[in-house]
Amino acid sequence: MRRKRLSRRLRELREARGLTSEEVTRRAGFSRGKLTRMERDEWTRPNPADIETLLDIYKVTDPDEREELLTLARQARQRGWWVSYSDALGRGAYVGLEAEATRIRTVELMLVPGLLQTEDYIRAVLHGDDITAPEEVDRRVEARLLRQQILTRADSPTLHVIIDESVLRKITPPLRHQMQRLLDLQEPHRLQVLPDRIGPHAAATGAFTILEFAEDPTVVYLETTDSSLILEEPEEVRRHEDRFNRLCTTALPPDESRELIQRRLDDL
């Protein structure tokens, strides 16, 4: 998110000066397309020297503003813990967003959200996906449990989860601790269940997650079996927020959701 924020700030500074990408590229001595990649967040590790060059061109003379942007560049070069788990998490794009979020709203139709999964449940999900090599399973479990540590931070993001009732039906007796984990979720976090009796609902086309940040625009994360997508356009984000709000109204209130989960647990 720091890298994305820096990209946005640099673009805003250039536009405020009325400069074209071609003009800045020529004056900075950048290779063709370099500035465009920087502004589109298509870079990996920002070079503070490049940022200083751009700040000079954009006539950013205020020491505090310059230091803020250079600090952002230095922070954006730092690698998150998830980089060492690329075998289990890939590029870790979502984990990086999740780690910076102040509020996470997620809708799940088939599985318990990753931040709330118990170790036994994670292993069962991996087995169901035909991932059985012990070393690979252990790495993936370890990575997912590390992700969950954001909920124990002092600045933990607020979590609002909506799950379909079918998620509960797939929790078998050996996984009863997973049901208890859902019951243990406390304020300020919220959990709501979409009961079977309502029939088709606003999330029938697929699960999604909305992530909000202190200093950056809200984004939507979509994931399929083979790919993932991050939506940043305001209109796309608004549509998903509208869907989430409708689901909040359709789903059982938190107290009734807890009662349903408790009944399911008692029946296991």
Side-chain angles (χ1 to χ4, degrees), residues 1-13 37-48 50-51 64-108 112-117 140 142-162 185-191 207-223 227-241 244:
M1 285 309 301
R2 292 179 177 90
R3 195 182 65 214
K4 291 171 70 67
R5 187 184 313 151
L6 182 59
S7 293
R8 189 181 71 253
R9 292 283 296 277
L10 292 175
R11 184 181 66 252
E12 291 171 348
L13 286 170
R37 292 192 294 273
M38 293 169 71
E39 292 186 354
R40 290 180 179 174
D41 188 24
E42 295 173 355
W43 48 357
T44 303
R45 304 185 72 193
N47 184 341
D50 288 342
I51 306 306
D64 291 338
E65 185 177 5
R66 288 181 69 94
E67 182 56 33
E68 176 192 354
L69 292 168
L70 289 170
T71 298
L72 205 54
R74 289 189 289 269
Q75 291 174 338
R77 289 177 59 83
Q78 297 172 4
R79 297 181 181 273
W81 63 264
W82 49 88
V83 172
S84 61
Y85 286 88
S86 58
D87 55 328
L89 297 171
R91 291 179 59 232
Y94 175 74
V95 182
L97 294 174
E98 189 178 68
E100 295 282 343
T102 57
R103 185 186 184 199
I104 301 174
R105 289 174 284 172
T106 187
V107 180
E108 287 287 352
V112 172
L115 288 176
L116 299 179
Q117 293 178 2
R140 288 175 179 259
E142 186 176 353
R144 189 156 300 181
L145 293 178
L146 282 171
R147 276 180 56 197
Q148 296 179 5
Q149 291 183 6
I150 66 171
L151 295 180
T152 63
R153 296 184 330 212
D155 60 344
S156 164
T158 301
L159 187 63
H160 188 167
V161 172
I162 299 178
L185 192 67
Q186 301 291 330
E187 291 285 351
H189 309 301
R190 292 165 60 86
L191 186 149
F208 61 93
T209 299
I210 304 171
L211 301 109
E212 298 177 36
F213 309 94
E215 301 181 50
D216 299 285
T218 299
V219 301
V220 175
Y221 179 80
L222 306 176
E223 184 175 19
S227 63
S228 61
L229 183 65
I230 296 173
L231 306 178
E232 301 180 76
E233 291 298 324
E235 181 58 27
E236 294 176 318
V237 172
R238 186 194 63 77
R239 284 201 301 269
H240 282 82
E241 289 184 320
F244 191 90

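This structure is a prediction, so every number in the text was calculated from the model and none was measured. When a residue number appears, it is its place in the shown sequence, counting from 1.
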Below 4.5 Å, heavy atoms only, C-beta onward: do Asp216 and Glu100 meet side chain to side chain?
no
Calculate, to the nearest 0.5 Å, the distance between atoms OG1 and CZ belonging to Thr71 and Arg66 respectively.
12.0 Å
Could you give the distance from CG (Leu10) to CZ (Arg40), rounded to the nearest 0.5 Å?
14.5 Å
OG1 (Thr158) and CZ (Arg190) are apart, to the nearest 0.5 Å, by 11.0 Å
Val107 side chain near Ile210 side chain, heavy-atom distance below 4.5 Å
no
Closest heavy-atom pair and its distance - Ile51, Ala73:
CG1-CB, 3.8 Å
Rounded to the nearest 0.5 Å, how far apart are CG of Leu151 and CG of Leu159?
6.0 Å
Could you tell me whether Arg103 and Glu212 have a side-chain N and a carboxylate O separated by less than 4.0 Å?
yes
If you define the side chain from C-beta out and look only at heavy atoms, does anything of Val112 sit under 4.5 Å from Val161?
no
Do the ring planes of Tyr94 and Tyr221 sit parallel (below 30°), tilted (30 to 60°) or perpendicular (above 60°)?
tilted
Testing Arg8, Arg3, Arg11 for salt bridge (Lys or Arg N to Asp or Glu O under 4.0 Å) with Asp41, which one passes?
Arg3
side-chain contact (heavy atoms from CB on, under 4.5 Å) assessment of Gln117 paired with Gln148
CA-CA 9 Å; Gln117 293 178 2; Gln148 296 179 5; 4.1 Å; yes
Intermediate values then yes/no, side-chain contact (heavy atoms from CB on, under 4.5 Å), Leu115 and Ile104
CA-CA 10 Å; Leu115 288 176; Ile104 301 174; 4.0 Å; yes
Once rounded to the nearest 0.5 Å, what's the spacing between atom CG of Leu211 and atom CZ of Arg105?
9.5 Å
Grab the two heavy atoms, one from Gly114 and one from Arg144, that are nearest each other, plus how far apart they are.
O-CG, 3.9 Å
For a side-chain contact (heavy atoms from CB on, under 4.5 Å) check, start with the C-alpha distance between Thr106 and Glu98, then their side-chain angles and the critical distance, and finish with the verdict.
CA-CA 11 Å; Thr106 187; Glu98 189 178 68; over 6 Å; no
Heavy-atom closest contact (Leu97 atom, Phe213 atom, distance)
O-CE2, 3.2 Å
How about Leu222 and His240: do any of their side-chain heavy atoms sit closer than 4.5 Å?
yes
Say you draw a straight line from CD of Glu215 to CZ of Arg9; how long is it, rounded to the nearest 0.5 Å?
8.5 Å
Kindly give the heavy-atom pair with the smallest separation between His189 and Pro157, and that separation in Å.
CE1-O, 3.1 Å
Could you check if a side-chain atom of Ile230 sits within less than 4.5 angstrom of a side-chain atom of Glu232, using non-hydrogen atoms only?
yes
When you compare the side chains of Arg153 and Ser156, does any donor N or O come within less than 3.5 Å of an acceptor on the partner?
no
Regarding Glu235 and Arg238, does a basic nitrogen lie under 4.0 Å from an acidic carboxylate oxygen?
yes
Side-chain heavy-atom pair Leu69, Leu13 within 4.5 angstrom cut-off
yes
Does Arg74 pair with Glu67 as a salt bridge, N-O distance under 4.0 Å?
yes
Would Glu241 and Thr218 count as a side-chain contact (heavy atoms from CB on, under 4.5 Å) if you check the C-alpha gap in whole Å, the side-chain angles of each, and the deciding distance to 0.1 Å?
CA-CA 10 Å; Glu241 289 184 320; Thr218 299; 4.1 Å; yes
